[in-house]
Each structure stands twice: as C-alpha cells, then as structure tokens.
Amino acid sequence: MTNKTLIVVLGPTGIGKTDLSIDIALKFNTEIISADSRQIFRELDIGTATPDSRQLHTVKQHFIKSHSIFNDYSAAKFEKEAIDKIEKLFKHYDTLVMTGGSMLYIDAVCKGIDDIPDVDKKIRNELIARYEKNGIEDLRLELKKIDPEYYSKADLKNHKRILHALEIFYSSGRKYSSLLTNPQKKRNFNILKIGLNTDRHILHQQINKRVDIMISKGLIDEAKSVYQNRKLNSLNTVGYKELFQYFDGSISYNNAIELIKRNSRRYARRQITWFRKDNKIQWFDPDDKRNILKFIEGEINKAH
RNA sequence: GGUGCCAUAGCUCAGUUGGUAGAGCAACGGACUGAAAAUCCGUGUGUCCCUGGUUCAAUUCCAGGUGGCACCA
C-alpha cells in the first residue's frame with residue numbers, strides 16, 4: 001500500500017472549492033492540482049473565477065493559467081499532464097490536493113480514460129462541415145455501417161458522439177467501440193474524494209451573486225478582449241458566450257447577465273448529476289471545514 | 001369609507017358554455033471516456049385565495065370574507 005494520497009475536492013461551481021482546497025493544502029503543507037477545463041487558460045480570469053493572485057501566492061497551484069485558448073486541449077491531454085505532474089510532486093509530498101469542477105477531467109485522473117488514436121484535424125473539419133450541411137441523419141447512417149456496435153449504444157441524437165466515432169475511424173481505421181475498454185487504471189497513489197454541496201436554493205443565490213461580482217470586477221472588458229476569437233472551443237464557455245451575443249447586438253445587456261446566471265445554475269446541476277453516481281465521494285457542507293479536515297486526517301492515518 | 005377590476009404552477013399569464021387545468025420562462029431528473037463550463041435526452045412540479053350556498057358534480061355560477069390594483073370620496 002502506498003503512503004501517497006491525492007485529496008480530491010470537487011462539487012458544483014460556486015460552492016467554495018478554491019477556498020477549502022487552499023485550507024487543506026496549507027494544513028498538509030502541500031500544493032494544488034487544478035482540474036478545471038477553463039481556469040487552465042491564461043487569457044481567462046474573471047469569468048472563470050480563477051483564484052486571485054493572493055490565493056495563488058498562498059499555495060502553489062498547477063494547471064491554472066498554464067495553457068492558451070489558442071491551443072486545443074482535452075481531457076486526455078489533461079490526464080497525461082496531470083498524472084505526470086502528480087508523480088513528480090509525490091516525490092516531495094505525501095499528500096496533494098486536486099480541486100476543480102470539470103467532471104471528466106477529474107475522472108480522467110482518478111480512473112483514467114482509454115488511449116484513443118489522434119484525430120486528423122482535417123478529417124474532423126470535413127465531418128463538421130458535412131454535419132452542418134446535411135444534418136445528423138447522414139452521419140448516423142454511416143456510423144451504423146462502419147461501427148454497428150457503437151451505433152447500438154450511442155446517443156444517436158448527439159452529433160458530437162457520432163462525429164467523434166466517425167473521426168476516430170477515418171483517422172485510424174479502427175472502430176471506436178473497439179477502443180472503449182473502460183480502463184479503471186490503477187494509480188500508484190490513494191484517492192480521497194471530498195464532495196462539497198449545500199441546499200440548492202443557497203447554491204443558486206451564491207452563483208447569482210458571484211456573477212454580479214464578476215461583472216463589477218470587469219468581466220465585460222475581459223470578454224471584449226477575447227471577442228474576436230469567439231469561435232474557439234475554449235471560449236464556448238458560460239460567462240463569455242452570452243456576452244458575445246450581447247456584443248453582437250442579438251440580446252440585451254440584462255438578458256446576457258440573466259443567461260450567464262441561468263447557464264451557471266444549469267452547469268452546477270449537471271455537475272451534481274455526474275458526481276451523484278460516484279459512491280466514493282464523501283459529501284460535506286462547505287462550511288463544515290473542521291469535520292472535513294478531521295475526516296481527511298482520519299482517512300490518511302488509516303491508509304498510511 | 002364607496003365603487004369597479006383581479007386572485008390559476010416558482011414567475012408572467014391562458015383556459016374550463018359546470019365534469020379537478022395548460023403555455024412561455026424558470027426549475028427538476030438523466031446520459032456522458034481525446035470539444036466536457038461542451039453536447040444531448042427526458043419531466044408539469046397545482047388546496048385553480050378562503051368559507052359557505054346552488055348542483056349528481058364548483059377552479060368555473062351565487063354570497064360573504066381576505067389580499068392586491070385602480071378610480072371616487
């Protein structure tokens with residue numbers, strides 16, 4: 001049994017993961033791995049609720065502002081880079097904190113995802129063009145032909161799923177279904193999952209308030225500064241995509257703010273849905289810091 | 001104080017010539033393995049203000065009450 005433990009702090013957006021993870025990292029005198037698919041971009045700050053400079057100076061945090069919106073990123077890349085970083089850091093620490101709300105990124109580190117061949121960008125763009133021209137039915141029929149197994153279990157109304165299976169096939173000649181093994185990779189460290197959640201009404205109030213604070217901190221200007229790159233996937237993000245519509249003149253200012261709040265609430269709900277089925281998570285109220293620390297210490301003593 | 005109008009889902013409101021009701025928005029549930037703050041699927045969640053009356057049957061009609069709005073004093 002290893003004596004290395006990764007403490008994973010997860011939960012919906014706006015619940016207070018950053019503050020708690022800093023407290024935990026200070027307590028164990030260690031560093032933080034961020035698992036946040038948007039805070040990772042250096043061009044985004046206010047709208048992603050990235051930790052501020054004071055917080056970043058208090059505890060060293062990795063994968064914050066470490067990449068650019070102009071480079072493609074993915075959960076698979078995060079898995080490789082994060083595992084790499086974690087293994088390096090475990091040479092100096094017995095415990096590490098990982099925190100974030102990107103469900104797939106967390107699972108990529110905790111459980112691993114399959115190795116899937118690189119996708120040829122040209123092929124992806126061609127398929128997207130076909131989808132936009134002919135709709136989903138065309139691609140669906142093709143998937144049925146080349147990979148009936150995946151077709152039988154795929155979400156056939158979700159074009160991203162179908163596109164992905166096709167682009168894998170045309171890039172590598174291998175069926176997507178043959179690549180899916182649900183790996184459950186064995187990590188050489190213990191994983192302790194701390195989930196934060198609270199009454200839904202309170203969470204919604206916190207989310208709404210946080211959006212108002214983002215606006216007062218200058219989110220409008222930040223969104224303007226990246227407006228010209230709005231087509232980038234990295235900017236298909238709550239807090240930015242709504243403001244882009246406002247800049248376009250297609251929705252009002254007040255409408256944009258309301259939509260940011262609504263979409264944040266919905267994002268939080270999807271996170272909760274995802275995390276709910278993970279029975280390894282020990283849930284706490286974010287204010288319950290004492291018990292959280294007590295719980296972590298107890299578990300680490302048991303494991304080591 | 002008087003008169004009139006209104007009271008139906010979380011909100012804005014339809015509707016039922018008397019047979020316990022439906023839109024929009026919001027909300028809620030779910031899926032998810034190289035785009036994941038993405039993408040996709042599903043769900044009306046209701047003392048029809050309260051109390052009586054008429055009726056086989058009242059959210060609907062009648063009376064009174066309560067609350068809100070408007071106008072007149």
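Below, read A as the first sequence line, B as the second, and so on, with proteins coming before strands; counting in each chain starts at 1.
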Original post:
What's the verdict on salt bridge (charged side-chain N to carboxylate O under 4.0 Å, His left out) for A:Lys217 and A:Glu222, showing C-alpha distance, side-chain angles and the deciding distance?
Top reply: CA-CA 9 Å; A:Lys217 278 184 175 171; A:Glu222 182 174 300; over 6 Å; no
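- Between the side chain of A:Asp114 and the base of B:U33 there is at least one donor-acceptor pair of N/O atoms closer than 3.5 Å.
- The gap from the C1' atom of B:U17 to that of B:U12 amounts to 27 Å, rounded to the nearest Å.
- Using a 30° and 60° split on the angle between ring planes, A:Phe244 and A:Tyr240 fall in the tilted class, from 30° to 60°.
- Shown here for A:Thr18 and A:Pro51, the closest heavy-atom pair between the two residues is CG2-CG, 3.9 Å.
- Comparing the P positions of B:C61 and B:U43 gives an interatomic distance of 33 Å, to the nearest angstrom.
- Using a 4.0 Å heavy-atom distance criterion, A:Asn263 is classed as making no nucleic acid contact.
- Residue-level contact check: A:Asn233 touches the bases, meaning some heavy atom is under 4.0 Å from a base atom.
- Contacts of A:Leu179 with the nucleic acid, taken as non-hydrogen atoms under 4.0 Å apart, are absent.
- Within the 4.5 Å cutoff, side-chain heavy atoms of A:Arg262 are placed close to those of A:Leu259.
- Within 4.0 Å of A:Phe78, counting heavy atoms only, lies no atom of the nucleic acid at all.
- Of the candidate nucleotides B:A38, B:U33, B:A36, B:A38 has the atom nearest to the side chain of A:Val238.
- Atom CE of A:Met214 sits about 7.0 Å away from atom OG1 of A:Thr48, to the nearest 0.5 Å.
- Within 4.0 Å (heavy atoms only), A:Lys111 reaches no atom of the nucleic acid at all.
- Note on A:His159: every side-chain N or O is 4.0 Å or more away from OP1 and OP2 of B:C41.
- Note on ring orientation: taking the six-membered ring where Trp is involved, the planes of A:Phe189 and A:Phe90 are tilted (angle from 30° to 60°).
- Taking side-chain N and O atoms only, A:Arg161 has no distance below 4.0 Å to OP1 or OP2 of B:A38.
- Summary of the strand contacts: A:Asp155 and A:Asp118 both lie near RNA chain B, and taking for each the nucleotide with the nearest heavy atom, the more 5' one is attributed to A:Asp118.
- Test A:Phe275, A:Trp283, A:Phe284 against A:Asn197 for side-chain contact (heavy atoms from CB on, under 4.5 Å) and you get one pass: A:Trp283.
- At least one side-chain nitrogen or oxygen of A:His164 sits closer than 4.0 Å to the OP1 or OP2 atom of B:A35.
- Within the nucleic acid shown, A:Thr48 comes within 4.0 Å of at least one base atom, counting heavy atoms only.
- Residue A:Asp72 is classed as having no contact, given no heavy-atom separation below 4.0 Å to the nucleic acid.
- With C1' as the reference atom, B:G46 and B:U59 are 11 Å apart, rounded to whole Å.
- For RNA chain B, if you chain together Watson-Crick or G-U pairs that step i with j, i+1 with j-1 and so on, the runs of at least three with distances under 3.5 Å are B:1-7 with B:66-72, B:10-13 with B:22-25, B:27-31 with B:39-43, B:49-53 with B:61-65.
- Remark: A:Arg200 is not in phosphate contact with B:A26, judged by side-chain N or O atoms under 4.0 Å from OP1 or OP2.
- In the interface, the side chain of A:Arg270 is not paired with the base of B:G30 through any donor and acceptor atom under 3.5 Å apart.
- Using a 4.0 Å heavy-atom distance criterion, A:Tyr240 is classed as making no nucleic acid contact.
- We find that NZ of A:Lys261 is positioned 20 Å from P of B:C25, with the value rounded to whole Å.
- Using a 4.5 Å cut-off between side-chain heavy atoms of Ile, Leu, Val, Met, Phe, Trp and Tyr, with links allowed through other members, A:Tyr227 and A:Phe41 fall into the same hydrophobic cluster.
- Nearest-nucleotide mapping onto RNA chain B: of A:Arg38 and A:Lys157, the residue sitting toward the 5' end is A:Arg38.
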